[in-house]
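Just so it is clear, the values below take in all heavy atoms, side chains as well, and ignore hydrogens, waters and symmetry mates.
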Amino acid sequence: MTTPKGPNRLDPELEAEIEKSLGDMSIDELIDDAPDHSSSPKTMTGTVVSIRDADVFVEFSPRTQGVCPIDHFDEPPAVGTKLEFVVDRHDKEDGLLILSRPGKVGKAQWNNLAVGQTVEARCTGTNKGGLEMEVAGQRAFMPAGQVDLRHIPDLNVFVGEKLPCQITELDLARKRIVLSRREVLALEREEKRAKLLETLEVGQRVSALITKIMPYGAFADIGGLEGLIHISDLCHQRIHKPEEVVKDGQMVEAQILKLELDQDPPRVSLGMKQLASDPYVSATGELTEGATVTGRITKLTEFGAFVELSPGVEGLIHISQLSHDRVNKVSQVVKVDQIVTVKVLDVDHARRRISLSLKAMTDADDPETAQDRAEDPALRKLRAKFGDGQDLKGGLF
């Protein structure tokens, strides 16, 4: 069991001052036999004096000792090491303080529960408001908003699971216990973030969990810290919404593009496309002026039509390059999803622009082209007004 940082947590210097003031007085003389449920468990600094089997014995003063389970340590502590311990209760029969390590979750006992305490609780069911829990043999409740740091659509996944929770409300008379797993996760997240900030640097590759998708990009957790992948940095292809590339809860690989650690909270800009090969480079490496290529019309605009030459690579047929005839609307010549064969006019690698021509694939003097022009409504009107033009000194134009 543990307690979060707060006014009841003493720092080593203050504890040393209290220890000096106590003299030969035992600390247990200051502890009320009845548990104090109005405050969090006490945290003290003691010295490891011996290890016997599964128990670690700790001394706080010549007359005050305690015992802590060895499985509360990542590895057996060395004798003489000074460490922080949480005082769970006082065993009068043995004259020892029963201890636990901060951050370690133990089995709760009803007569030792306290607000702020972190205990292990089992989920027994769900209701419309949250989770039904059991702690120290008593029923407890966890509101849905306190189950996780983010929304969990189906709480049934927790039924039967043992969860580390913090006691947020306790009424012994009514045997009412309200728990929060969110508080425990938030504390763990803060600890992870503090360690993460010491190692982050621009250009670093990280694993990220997509946590939220917005029209302008996707937020991702990189292990205690959230960053933003802007829509323009999701992929090399042109997309209309982030959902085309990522989905909520997906794990992705990203690169750190920018760090603003002086902000609160720190701001992290991430990018996914920076770790993927650029299709433009591979597709245009051998593309030269005059080459003939085939592609699909993807978009029509007032000034021309975009053609997809390969995934992530598009070129533009300007409206003036659609036909030898005058074109008023792009849709008069081509349509979306139409497959066309075009000629490359120019490749600007610096600006990543490819200029294409459809009319260059046809000859202006071709008989079929001339026939098409003969049927042009505008030309028919001119011929009706001026005749066939044989008697004119100049041409119709």
Side-chain angles (χ1 to χ4, degrees), residues 1-33 35-36 39-109 111-120 162 164-167 183-199 223-224:
M1 293 176 284
T2 187
T3 179
K5 294 181 180 179
N8 296 302
R9 183 169 184 150
L10 306 181
D11 59 52
E13 292 184 1
L14 181 56
E15 287 178 346
E17 181 179 347
I18 294 175
E19 190 67 28
K20 183 177 180 180
S21 303
L22 286 174
D24 292 333
M25 185 182 296
S26 173
I27 191 73
D28 62 312
E29 295 179 64
L30 301 179
I31 300 177
D32 192 344
D33 290 342
D36 179 10
S39 62
S40 301
K42 295 179 175 62
T43 302
M44 300 174 61
T45 300
T47 303
V48 176
V49 293
S50 65
I51 300 176
R52 300 176 195 170
D53 299 326
D55 295 321
V56 175
F57 290 86
V58 182
E59 183 176 85
F60 298 98
S61 74
R63 294 182 59 187
T64 306
Q65 291 83 34
V67 61
C68 180
I70 197 169
D71 60 8
H72 280 210
F73 300 84
D74 294 330
E75 56 184 32
V79 173
T81 305
K82 289 185 177 294
L83 298 168
E84 282 192 336
F85 296 89
V86 175
V87 180
D88 294 335
R89 62 186 176 86
H90 179 232
D91 189 330
K92 283 191 173 183
E93 184 175 343
D94 294 330
L96 293 171
L97 296 176
I98 306 303
L99 310 170
S100 63
R101 290 281 289 135
K104 296 297 179 180
V105 179
K107 292 184 178 179
Q109 297 183 15
N111 63 353
N112 194 45
L113 297 179
V115 171
Q117 201 173 10
T118 300
V119 296
E120 185 179 73
K162 291 183 178 180
C165 312
Q166 187 178 108
I167 299 175
E183 291 298 322
V184 176
L185 296 178
L187 181 61
E188 292 177 353
R189 181 182 175 85
E190 285 298 319
E191 293 173 351
K192 288 181 180 179
R193 184 168 74 170
K195 293 180 180 179
L196 185 65
L197 289 174
E198 297 176 359
T199 61

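Judged by distance alone, the side chain of H72 and the main-chain N or O of R101 form a donor-acceptor pair under 3.5 Å. For T64 (side chain) and S61 (main-chain N/O), no donor-acceptor pair under 3.5 Å exists by modelled atom type.
Counting heavy atoms from C-beta on, the side chains of V67 and I98 come closer than 4.5 Å. Two residues are said to be in side-chain contact when any heavy atoms from C-beta on lie closer than 4.5 Å; M44 and V87 meet this criterion. Within the 4.5 Å cutoff, side-chain heavy atoms of I70 are placed close to those of I51. Under the 4.5 Å side-chain criterion, counting only non-hydrogen atoms from C-beta, F60 is in contact with L97.
With sequence neighbours left out, the salt bridge (Lys or Arg N to Asp or Glu O under 4.0 Å) criterion links E190 to R193. By the side chain to side chain donor-acceptor pair (under 3.5 Å) test, K82 pairs with T47, sequence neighbours left out.
Looking at every heavy atom in both residues, L83 comes nearest to P77 through CD1-CB, 4.1 Å. Smallest separation of non-hydrogen atoms from S50 and V79: CA-CG2, 4.3 Å. Minimum heavy-atom separation, C68 to F73: SG-CE1, 4.0 Å.
In this structure, the separation between CD on E84 and CG on L99 is 12.5 Å, given to the nearest 0.5 Å. Note that CD of E191 and CD of E188 are 7.0 Å apart. Values are rounded to the nearest 0.5 Å. Here OG1 of T118 is found 8.5 Å from CD1 of I167. Values are rounded to the nearest 0.5 Å. Here the CG-CZ distance, from L96 to F57, works out to 6.5 Å after rounding to the nearest 0.5 Å. One finds the CG atom of L185 at 8.5 Å from the NZ atom of K192 (value rounded to the nearest 0.5 Å).
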